[in-house]
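Reckoned from all heavy atoms, side chains included, excluding hydrogens, waters and symmetry mates.
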Amino acid sequence: MKNLTLLLLLFVAVNVQAQKESIQLKNALVVGQLDKAEDRYSVEINLTELLTEAGVKAVPSLNILKMGSDASIIATDSIQKLIASKGIDTYILVSVRGYDKKFKKTHRKDELKTALDAGNLFPIYRDEIVSVSFEFMFYRNGQFIGSDIVKCGNVSSRDTVIKRFRKSVAKRIVKKWK
């Protein structure tokens, strides 16, 4: 009886911990923090499609901002009101964290404006790399709620990065974000 009770408590604790780690996405504005326009477009559109397929209402920032405009404009009150009027209260900032290493989730808890102002040094693909790590930072109502890292390994071209991104992120949405 003691073992059964202990097992039940352990199961409940693991279940509660798993629920705490979930971002619980219902809607999202996807913001690609990449310097190249084609990289930003590819990441935003692919992530938006994956979220939509998983039942999350998602909009790429390219639908809100003019082409080539600075993403920090999203932090202004007028743009945030426009986004809120579309029923969106969660922002996902996507950037390339780096290549060929095991990166850990960030412990920074920057404000949305600070995170939007941060630059990105990396394109989604470089010659002679074998993996790319993408960092996702989640904000709800302007407050940091979590981050995640997705590593896309065994890449040999820009197209394989996008293919691996779609495969890895689709699994992550179902397991941890939704």
Side-chain angles (χ1 to χ4, degrees), residues 23 25 27-54 56-76 79-80 82-83 88 90-140 142 144-173 176-177:
I23 303 294
L25 279 179
N27 58 66
L29 176 75
V30 178
V31 181
Q33 292 187 295
L34 301 157
D35 290 336
K36 289 184 176 181
E38 63 269 12
D39 288 349
R40 181 177 174 190
Y41 177 80
S42 295
V43 168
E44 285 190 18
I45 296 304
N46 280 292
L47 182 55
T48 300
E49 285 177 2
L50 293 170
L51 289 167
T52 303
E53 289 170 7
V56 176
K57 179 182 177 184
V59 176
S61 71
L62 297 169
N63 286 4
I64 305 290
L65 302 174
K66 292 181 181 175
M67 188 66 131
S69 62
D70 188 19
S72 64
I73 295 171
I74 292 172
T76 62
I79 299 294
Q80 286 195 351
L82 174 70
I83 293 167
I88 296 174
T90 305
Y91 302 83
I92 304 174
L93 308 184
V94 185
S95 62
V96 174
R97 180 77 177 262
Y99 310 106
D100 300 331
K101 292 184 180 175
K102 289 195 176 223
F103 294 97
K104 295 191 183 339
K105 287 193 248 183
T106 186
H107 294 291
R108 295 184 333 231
K109 295 183 179 179
D110 296 333
E111 305 179 344
L112 179 61
K113 175 134 179 58
T114 305
L116 287 168
D117 287 337
N120 184 30
L121 302 173
F122 307 114
I124 61 173
Y125 178 74
R126 284 189 182 166
D127 289 332
E128 300 181 18
I129 62 165
V130 294
S131 69
V132 180
S133 295
F134 290 91
E135 179 176 42
F136 300 85
M137 297 181 76
F138 299 90
Y139 290 85
R140 185 166 290 135
F144 179 82
I145 59 169
S147 66
D148 202 359
I149 297 277
V150 173
K151 183 177 178 181
C152 301
N154 197 22
V155 297
S156 59
S157 69
R158 186 178 184 282
D159 290 339
T160 58
V161 172
I162 298 299
K163 181 180 171 185
R164 303 269 193 267
F165 176 87
R166 287 187 65 87
K167 184 177 180 182
S168 300
V169 173
K171 291 177 184 176
R172 188 63 55 100
I173 290 169
K176 289 193 171 185
W177 298 357

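Note that CG of L51 and CG of L47 are 4.5 Å apart. Values are rounded to the nearest 0.5 Å. Rounded to the nearest 0.5 Å, atoms NZ (K163) and CG (N46) are 13.5 Å apart. Taking CG of D117 as the start and CD of E111 as the end, the distance is 10.0 Å to the nearest 0.5 Å. Taking CG of L29 as the start and CG of N63 as the end, the distance is 9.0 Å to the nearest 0.5 Å.
The environment of CD in E38 is crowded: more than 12 heavy-atom neighbours from other residues, nucleotides or ligands sit within 6.0 Å.
Between F138 and F136, the ring planes are parallel. Angles under 30° get that label, and only those over 60° would be called perpendicular.
Contact annotation: the side chain of Y139 never approaches that of I145 to less than 4.5 Å [non-hydrogen atoms, C-beta and beyond].
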task: Output, in order, the C-alpha distance, side-chain angles, deciding distance and verdict of side chain to side chain contact (heavy atoms under 4.5 Å, CB included) for L112 and Q80.
output: CA-CA 11 Å; L112 179 61; Q80 286 195 351; 3.4 Å; yes
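Listed for the R164 side chain is a donor-acceptor partner under 3.5 Å among the backbone atoms of G153. With Q33 contributing its side chain and A115 its backbone, the two residues share a donor-acceptor pair below 3.5 Å.
The salt bridge (charged side-chain N to carboxylate O under 4.0 Å, His left out) pairs that include a residue from residues 118-131 number zero, where partners must be two or more places apart or lie in different chains.
For the 3.5 Å distance criterion, the side chains of S61 and E44 qualify, holding a donor opposite an acceptor.
Residues that satisfy the ring pair (Phe, Tyr, Trp, His ring centres under 6.0 Å) test with Y99, not counting sequence neighbours, are F122.
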